Structures are given as C-alpha cells and as structure tokens.
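Here the structure comes first, spelled out in structure tokens, and everything after it is commentary.
Side chains are part of it too, since the values below use all heavy atoms of this structure and drop only hydrogens, waters and symmetry mates. What you see is a predicted model, and the numbers here were worked out from it, not measured in a lab.
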Amino acid sequence: MPPQKIETGHQDMVHDVAMDYYGKRLATASSDATIKIIGISNNSGSRLLATLTGQRGPVWQVGWAHPKFGSILASCSYDGLVILWKEGNPNEWSQAHVFTDHKSSVNSIAWAPHEVGLCLACGSSDGDISVFSARLDGGWDTSRIEQAHPVGVTSVTWAPAMAPGALVGSSLLDPVQKLASGGYDNTVKVWKKTDEIWKMDCFPALKMHSDWVRDVAWAPNLGLPKSTIASASQDGTVVVWSVARDGEQWEGKVLKDFKTPVWRVSWSLTGNMLALANGNNNVTLWKEDVDGEWQHVTTVDS
C-alpha cells in the first residue's frame with residue numbers, strides 16, 4: 001500500500017491509532033475526547049465512518065477485539081473510564097459496557113490473545129492493573145493486580161497464548177496467561193495468572209531505564225524458543241528483554257539511545273521487526289541480525 005496522509009478531523013492531539021484485523025479501518029484516539037473510525041482503501045483513500053463520544057477526557061488508547069467476538073472496540077481515557085463500543089449495523093456504534101473500576105487516568109489497554117477469550121487488561125495511574133473477562137452470560141469477571149506499579153502504570157501488553165517453542169495447536173487447551181507492564185517507577189514487570197491469581201513472574205523487576213517506561217510490547221513467538229519484550233522510555237532508550245524459559249532471569253539489551261523520548265514500540269506479526277516512534281517525529285524500523293545485534297532498516301518520516 002502506498003503511503004497515505006489521513007485527515008482524522010480531530011480537534012486536538014491524536015494519541016493512538018489502531019488498525020482493525022483486516023486492515024480496512026482505523027480507530028483514532030484524541031485529546032478532544034472522541035474516537036474516530038476511518039475507512040481506508042488503496043483506491044479511494046480514506047473516509048470518516050463514525051465519531052464515538054462518551055469519554056470525558058483525553059482518550060489515550062484504542063484497541064480492536066479479535067473479530068471472532070464481533071466488531072468491538074475498547075477505549076481508555078484520562079477520565080478513568082474504559083468503554084467497550086460495539087458495532088450493530090455497519091458504522092453504527094453504541095456503548096456495550098463501561099468499566100468504572102479505576103480511580104484515576106487509565107493509560108493503557110490491551111486485548112488478550114483470542115485463545116484466552118474476550119479479555120481486556122487495563123493499566124492506570126492509580127497503580128493498579130485490572131483484567132476484565134467476558135462471561136457466557138454477558139457479564140464480566142474482574143481480576144486485579146493491586147499496586148502493580150505504585151506510582152502509576154503506563155502500559156500493558158499480553159504474552160502470546162502459546163508458550164515459547166510450543167508446536168502450533170499443542171497448547172491451545174491451556175493457553176498461557178501472562179502480562180508485562182511498564183510504569184512511572186522506571187521498571188518493567190512480568191505477571192502470570194495461576195489458579196485465578198495474578199502474581200509477579202520476574203524477580204527482581206526489570207530495571208534498565210532511568211525514567212518513565214512509556215510503552216511495552218511482547219513479541220509474537222511463532223514457535224521461537226524464547227520470550228521477548230521491548231520497552232521504550234522517557235530516557236530515550238529502547239531495551240529488548242529476553243528469557244529462554246520460565247523461571248530464568250530476563251536479560252536486557254539496549255537497542256539504541258535516541259536522546260529523545262521514545263513513545264511507542266510495536267512488533268511485526270512475525271516478531272522479527274520492531275517499529276519505534278520517538279520524539280523526533282519519526283518512526284524507525286529495526287531488525288535483529290544473526291549475531292543478535294539490532295540493525296536500523298528504514299526511517300518513516302511523519
């Protein structure tokens with residue numbers, strides 16, 4: 001697809017953009033307290049399909065659920081609310097559920113791998129991570145990691161449902177339920193759900209950053225023998241963490257010091273490319289070579 005410049009129509013800063021499963025629609029989140037749904041195509045460019053209103057503060061993130069659960073979008077805001085939006089007729093959206101569990105800004109949301117079910121993790125400035133899981137009767141169960149990062153959670157990301165090295169389909173009867181989180185305490189933490197309780201799964205917390213962790217992203221493993229997490233920080237560095245197997249120590253390696261805050265990190269679907277958005281208003285793509293060194297592939301100016 002050739003580069004497209006998309007006019008969102010937002011009246012303030014755009015904080016997040018999420019593409020749906022089929023690559024046909026974008027959801028955008030803005031400080032103007034709205035979410036825009038934008039249709040994109042190679043031929044006709046882009047067009048505004050819907051504007052969702054209901055959040056009462058800046059919207060930090062949006063996320064599409066897997067289409068097996070229907071057309072569902074989640075959003076989180078400075079107002080402390082997490083809203084689930086459901087599409088009925090095409091481009092007609094309504095609020096399906098509003099979660100009011102957090103007492104301050106909800107900074108990050110992440111849908112679990114679809115093998116886990118319809119399940120949403122949320123990280124808040126109140127220091128807690130909440131995990132909402134849909135029940136068959138239409139209600140929601142809530143589990144909580146209290147004071148995950150006591151001074152505030154900035155970001156959450158799910159581990160792949162398959163354990164590293166597992167053959168495709170071999171572990172789907174009992175999918176892995178793990179999260180990683182970043183916080184205002186400059187650390188990255190890993191959490192595992194065992195017997196319905198979330199417990200920290202890395203000791204000590206992963207600490208190589210000297211300022212806020214802005215974003216964390218767990219890489220797809222596709223049968224790879226190790227787990228990998230990327231973290232981006234206000235201090236300008238991106239760290240790639242890896243561990244060979246459960247119970248071992250995570251090891252971190254600085255990919256690069258950009259000398260400017262790094263806002264977001266995102267893996268390719270195959271887990272071999274990493275995209276980074278930083279304070280210089282560009283996106284850089286990186287790839288790991290056979291020696292384990294990270295090579296700059298290209299820069300996408302924005």
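Remark: the His15 side chain and the Ser30 side chain contain no N/O donor-acceptor pair separated by less than 3.5 Å. If you check the side chains of Trp140 and Ser133, you find no donor sitting under 3.5 Å from an acceptor.
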**OP:** Apply side chain to side chain donor-acceptor pair (under 3.5 Å) to Ser75 and Gln61, showing your working.
**Re:** CA-CA 6 Å; Ser75 63; Gln61 279 191 8; over 6 Å; no
Subject >> Test salt bridge (charged side-chain N to carboxylate O under 4.0 Å, His left out) applied to Asp201 and Lys199, step by step >> reply: CA-CA 6 Å; Asp201 196 49; Lys199 294 181 179 178; over 6 Å; no
Original post:
Hey, mind stepping through Thr284 and His296 against side chain to side chain donor-acceptor pair (under 3.5 Å) and telling me if it holds?
Top reply: CA-CA 7 Å; Thr284 55; His296 177 220; 5.2 Å; no
**OP:** Apply salt bridge (charged side-chain N to carboxylate O under 4.0 Å, His left out) to the pair Lys103 and Asp126, showing each step before the final yes or no.
**Re:** CA-CA 6 Å; Lys103 300 298 181 278; Asp126 63 16; over 6 Å; no
Subject >> Verdict with supporting geometry, Trp60 and Ser108, side chain to side chain donor-acceptor pair (under 3.5 Å) >> reply: CA-CA 7 Å; Trp60 301 131; Ser108 180; over 6 Å; no
Original post:
Do His209 and Ser231 pass the side-chain contact (heavy atoms from CB on, under 4.5 Å) test, and can you show the C-alpha distance, the side-chain angles, and the key distance before you say yes or no?
Top reply: CA-CA 9 Å; His209 293 296; Ser231 59; 2.8 Å; yes
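Hydrophobic clustering of Ile, Leu, Val, Met, Phe, Trp and Tyr side chains at less than 4.5 Å, counting indirect connections, keeps Trp111 apart from Trp218. A chain of hydrophobic side-chain contacts below 4.5 Å, direct or via other Ile, Leu, Val, Met, Phe, Trp or Tyr residues, connects Met19 to Ile38. Under a hydrophobic-cluster definition in which Ile, Leu, Val, Met, Phe, Trp and Tyr are linked whenever side-chain heavy atoms come within less than 4.5 Å, directly or via other members, Val239 and Val190 are assigned to the same cluster. With hydrophobic clusters built from ILVMFWY side chains whose heavy atoms lie under 4.5 angstrom apart, Ile129 shares a cluster with Trp158. One hydrophobic cluster holds both Val17 and Ile6 under the rule that ILVMFWY side chains link at heavy-atom gaps under 4.5 Å.
Of all the heavy atoms in Tyr184 and Thr154, the pair that sits closest is CE2-CG2, 3.5 Å. A pairwise comparison of heavy atoms in Val106 and Cys76 identifies O-SG, 3.4 Å as the closest pair. For Ala29 against Val62, the heavy-atom pair with the smallest separation is CB-CG1, 3.9 Å. The nearest pair of heavy atoms linking Trp212 to Ser233 is O-OG, 2.8 Å. The heavy-atom pair separating Ser125 from Ser104 by the smallest distance is C-OG, 3.4 Å. Residues Asp79 and Leu81 come closest through the heavy atom pair OD1-N, 2.8 Å.
Using a 4.5 Å cut-off on side-chain heavy atoms (C-beta onward), Leu48 and Thr8 make no contact. Side-chain contact between Cys122 and Phe132: present, with at least one pair of heavy atoms (C-beta onward) separated by less than 4.5 Å. Side chains of Leu206 and Lys189 form no contact here, defined as non-hydrogen atoms less than 4.5 Å apart. Using a 4.5 Å cut-off on side-chain heavy atoms (C-beta onward), Ile145 and Val153 make no contact. The side-chain heavy atoms of Ile197 and Thr194, taken from C-beta on, include no pair separated by under 4.5 Å. With contacts defined as side-chain heavy-atom distances shorter than 4.5 Å, the pair Trp85/Ile72 does not qualify. Here the side chains of Trp198 and Lys192 are not in contact, with every heavy-atom distance at 4.5 Å or above. By the 4.5 Å heavy-atom criterion applied to side chains, Trp93 and Ile37 are counted as neighbours.
With a 6.0 Å radius and a threshold of 12 heavy atoms from other residues, nucleotides or ligands, Phe69 has its CZ atom above the threshold. Within a 6.0 Å sphere centred on CD of Gln95, other residues, nucleotides and ligands contribute more than 12 heavy atoms. Around the NZ atom of Lys207, the shell of radius 6.0 Å holds more than 12 heavy atoms that belong to other residues, nucleotides or ligands. By the 6.0 Å contact criterion, CG on Asp195 is open, its count of non-hydrogen atoms from other residues, nucleotides or ligands being 12 or less.
For Tyr21 and His66, the gap between ring centers is short of 6.0 Å.
Note: Thr53 OG1 to Ile35 CD1 = 8.5 Å, rounded to the nearest 0.5 Å. Note that the CD1 atom of Ile83 and the NE2 atom of His97 stand 11.0 Å from one another [nearest 0.5 Å].
Side-chain N or O atoms of Trp241 include none that pairs as donor or acceptor with a backbone N or O of Thr228 at under 3.5 Å. A distance-only check finds no donor-acceptor pair linking the side chain of Asp128 to the backbone of Glu146 [under 3.5 Å].
Here Glu87 pairs with Arg25 in a salt bridge; the nearest charged N to carboxylate O distance falls below 4.0 Å. Ion pairing between Lys253 and Glu293 holds under the 4.0 Å rule for side-chain N and carboxylate O. The existence of a salt bridge linking Lys178 and Asp246 is confirmed by a sub-4.0 Å separation between a basic side-chain nitrogen and an acidic carboxylate oxygen.
Both tests do not hold together for Lys24 against Tyr22: distance to the six-membered ring centre under 6.0 Å, angle to the ring axis within 45°.
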